[in-house]
Amino acid sequence: MKNGAVVDILEKFANLLEFKGENLFKINAYRRAARTIAELGEDIEKVWQEGRLDQLPGIGDAIREKVNQFLLEGRIRQFDELAAAAPREIFDLLSIQHFGPKTAALAFKELGVETVADLRRVLEDGSLSTLPGMGPKKCENILKSLKLHESSSSQISIGLAADLVARVMDHLEKTASGRFGRLSAAGSVRRYKETVHDIDILVEAEDGREIISAFAQMDGVTRVLGAGATKGSILLDDRFQVDLRAVPSESFGAALQYFTGSQEHNVHLREIAKKAGYKVNEYGIFHDDQRVGGQFEEDIYHVL
DNA sequence: TCGACGTCGCATAGCA
DNA sequence: TGCTATGCGA
DNA sequence: GTCGA
């Protein structure tokens, strides 16, 4: 069963294209193809042998050929070519928050940053901050992310995640009670995925400023990654990223559905909605641009 | 053959 | 100081 | 790059 390997190389292919600065839609095409295979209920090699590869959604001539080459020879020539022109540790580098493809390309081109160690060096000796668009704050943020990247522990077990959610909810109820309505975990925590990457919490509030500010001030916050009127993001205990979103009452249900996912589930649901003449997004469910629901999560599933 | 492909909030940098 | 563009993440 | 109009 090589499905995992195929998914992996297609996702990495997308990352390499992104680093190269390729068209965003092309990049997404590779990611979509990877997702299709990840969700495929059968052995990709079997599909391949039976010549059914391009019956899979998102796989056309070009990607089919690459998958073909991979299954035949264990490698993809174009992939190797792209990889040869990129930093040695490109995938590691891109996994550092705030160090995206554009920044990576700039640092590689101007300073020859190939590895995580290189990145640390150019951050510490200040040379990265001499590049256009790389102000002090941005460099500081990247350095913090890099340290986090090296220390963590990026996956959180569901048990610990649940504890963290309880901690946040407790805090909000104590310090901002009455200023918000419903409060719920979302994302992979709510889906009880065994391990999660970060923690998403949703709160019902017309104006999220106060509650997000309370959120950013709770005990154990070691960094405020962002805090606005509708969205806040913190680092708890130096390790755990927790995001809080404030949404108005009429779209709380839709947002809960949307941010609970999973991504594949959302894609599937939208498809169903589309066929039935509806449109679903994080703000509600619509028919002819008329809102027909969104206050409750059930609205979405009920209508469809 | 050709246009659509999700969209938005936040932080930051750079400029007027 | 305010505005806009960009990168990033989700 | 893929899909559908």
Side-chain angles (χ1 to χ4, degrees), chain A residues 10-11 13-37 53-67 76 78-79 82 93-107 128-142 144-145 148 186-189 196-202 208-209 212-213 216 223-235 241-248 251 254-255 258-263 266-267 269-271 273-275 279-284 286:
Chain A
L10 289 178
E11 278 171 356
F13 209 119
N15 286 341
L16 288 171
L17 291 171
E18 200 172 26
F19 171 80
K20 193 188 166 203
E22 262 289 1
N23 179 295
L24 187 65
F25 298 115
K26 185 192 276 198
I27 294 161
N28 283 334
Y30 278 86
R31 300 208 162 117
R32 210 179 313 131
R35 215 167 53 226
T36 295
I37 296 173
L53 273 185
D54 43 16
Q55 289 173 25
L56 301 179
I59 298 184
D61 294 349
I63 296 181
R64 182 199 61 227
E65 272 321 299
K66 290 178 176 75
V67 172
I76 300 172
Q78 295 95 324
F79 179 93
L82 286 171
L93 285 169
L94 290 180
S95 72
I96 296 169
Q97 290 218 307
H98 304 107
F99 193 75
K102 308 277 187 193
T103 311
L106 185 69
L128 188 68
S129 66
T130 65
L131 269 37
M134 296 290 111
K137 295 251 189 155
K138 182 148 201 180
C139 290
E140 183 62 19
N141 285 335
I142 294 169
K144 283 175 177 164
S145 301
L148 180 67
S188 42
V189 176
V196 303
H197 173 254
D198 60 7
I199 292 168
D200 295 306
I201 301 175
L202 219 60
R209 282 167 215 277
I212 286 169
S213 144
R223 253 180 94 192
V224 178
L225 302 159
T230 64
K231 209 165 81 175
S233 185
I234 60 173
L235 198 66
Q241 184 171 335
V242 185
D243 297 339
L244 178 71
R245 287 166 197 280
V247 297
S251 55
Y258 178 85
F259 289 111
T260 296
S262 65
Q263 192 179 1
N266 287 350
V267 169
L269 202 68
R270 284 180 179 188
E271 221 167 79
K274 204 170 179 179
K275 277 182 193 150
K279 187 161 104 85
V280 174
N281 57 28
E282 67 266 51
Y283 305 111
F286 303 85

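In this text, all values refer to a predicted model and were calculated from it rather than measured experimentally. All chains are named by letter (A, B, ...) in the order of the sequence lines, taking the proteins before the strands, and each is independently numbered beginning at 1.
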Gap between atoms CG and P, on A:Asn15 and C:dG9 respectively (whole Å):
11 Å
When every non-hydrogen atom of A:Ala34 is compared with those of A:Glu11, the smallest separation belongs to CB-CG, 3.8 Å
Can you tabulate the close N/O pairs, meaning under 3.5 Å, that link protein atoms to atoms of nucleotides 13-16 of chain B?
{"from": "B:dA13", "atom 1": "OP1", "to": "A:Gly135", "atom 2": "N", "distance (Å)": "3.0"}
{"from": "B:dA13", "atom 1": "OP1", "to": "A:Gly135", "atom 2": "O", "distance (Å)": "2.9"}
{"from": "B:dA13", "atom 1": "OP1", "to": "A:Pro136", "atom 2": "N", "distance (Å)": "3.0"}
{"from": "B:dA13", "atom 1": "OP1", "to": "A:Lys137", "atom 2": "N", "distance (Å)": "3.2"}
{"from": "B:dA13", "atom 1": "OP1", "to": "A:Lys138", "atom 2": "N", "distance (Å)": "3.2"}
{"from": "B:dG14", "atom 1": "OP1", "to": "A:Gly133", "atom 2": "N", "distance (Å)": "2.7"}

Using whole Å, what does the distance between atom P of nucleotide C:dC8 and atom NZ of A:Lys231 come to?
15 Å
With rounding to the nearest 0.5 Å, note down the distance linking NZ in A:Lys144 to CD in A:Gln97.
13.5 Å
Would you measure the distance from the P atom in B:dA4 across to the matching atom in C:dA10 and give it in whole Å?
29 Å
So A:Ile27, base contact, sugar-phosphate only, or nothing? Heavy-atom distance under 4.0 Å.
nothing
At under 4.0 Å between heavy atoms, what does A:Ile96 touch on the DNA or RNA strands: base, sugar-phosphate, or nothing?
sugar-phosphate
A:Asn266 vs A:Glu282, side chain to side chain contact (heavy atoms under 4.5 Å, CB included): CA-CA, chis, key distance, verdict:
CA-CA 10 Å; A:Asn266 287 350; A:Glu282 67 266 51; over 6 Å; no
Value in whole Å for how far the P atom of B:dT7 lies from CZ of A:Phe286
13 Å
How would you label the contact of A:Lys66 with the nucleic acid (heavy atoms, under 4.0 Å): base, sugar-phosphate, or nothing?
sugar-phosphate
Under 4.0 angstrom between A:Gln241 side-chain N/O and C:dG9 OP1 or OP2:
no
Using a 4.0 Å cut-off to any heavy atom of chain A, which nucleotides of DNA chain D are the first and last in contact, reading 5' to 3'?
D:dG1 to D:dC3
For a quick check of understanding: with a heavy-atom distance under 4.0 Å over all strands, which category does A:Ala229 fall into, base, sugar-phosphate or nothing?
sugar-phosphate
Just checking A:Asn23: base, sugar-phosphate only, or nothing, at a heavy-atom cut-off of under 4.0 Å?
nothing
Whole-Å distance, A:Phe259 CZ to C:dG9 P, equals 17 Å
Smallest heavy-atom separation, A:Ala107 atom then A:Leu128 atom, equals CB-CD1, 4.0 Å
Working to the nearest 0.5 Å, report the span between CD1 of A:Ile27 and CD of A:Glu22.
7.0 Å
Mind checking A:Asp61 for me? I need base, sugar-phosphate or nothing, with any heavy atom below 4.0 Å counting as a touch.
sugar-phosphate
With sugar-phosphate meaning primed atoms plus P, OP1 and OP2, does A:Ser233 contact a base, only sugar-phosphate, or nothing at under 4.0 Å between heavy atoms?
nothing
Going by an N to O cut-off under 4.0 Å, is there a salt bridge joining A:Arg31 and A:Glu18?
yes
Please report the shortest heavy-atom distance between A:Ala273 and A:Val280, naming the atom on each side.
CB-CG2, 3.6 Å
Calculate the interatomic distance between A:Tyr258 atom OH and B:dG9 atom P; express it in whole Å.
12 Å
Look at the side-chain N and O atoms of A:Thr230 and state whether any lies under 4.0 Å from the OP1 or OP2 oxygen of B:dC8.
no
Answer yes or no: is there a donor N or O on one side and an acceptor on the other, between the side chain of A:Thr36 and the main chain of A:Pro57, under 3.5 Å?
yes
Looking only at heavy atoms, what is the nearest atom pair of A:Ala33 and A:Ile59, with distance?
CB-CG1, 4.0 Å
What distance separates A:Thr103 OG1 from A:Met134 CE, expressed to the nearest 0.5 Å?
4.0 Å
Would you give the length of the straight line joining atom CG of A:Asn28 to atom CG of A:Asn23, rounded to the nearest 0.5 angstrom?
9.0 Å
Heavy-atom pair of closest approach, residues A:Pro132 and A:Leu106:
O-CD2, 3.7 Å
Give the minimum heavy-atom separation between A:Leu17 and A:Lys26, together with the two atoms involved.
CD1-CD, 4.3 Å
Using atom C1' of each nucleotide, how far apart are C:dC8 and B:dG6 to the nearest Å?
16 Å
Taking only side-chain nitrogens and oxygens of A:Gln263, does any of them come within less than 4.0 Å of OP1 or OP2 of C:dA10?
no
Can you tell me how far C1' of C:dG7 sits from CG of A:Leu106, to the nearest Å?
12 Å
Closest to side chain of A:Phe25, choosing from C:dG7, C:dA10, B:dG6
B:dG6
In whole Å, what is the span from the CG atom of A:Leu235 to the P atom of C:dG9?
15 Å
Scan A:Leu56 against the nucleic acid and name what it touches under 4.0 Å (heavy atoms): base, sugar-phosphate only, or nothing.
sugar-phosphate
Rounded distance (Å) that lies between atom C1' of B:dG6 and atom OH of A:Tyr283
10 Å
Give me the stems containing DNA chain C, sorted by first residue, counting only three or more consecutive Watson-Crick or G-U pairs with both distances under 3.5 Å; say none if there aren't any.
B:7-16 with C:1-10
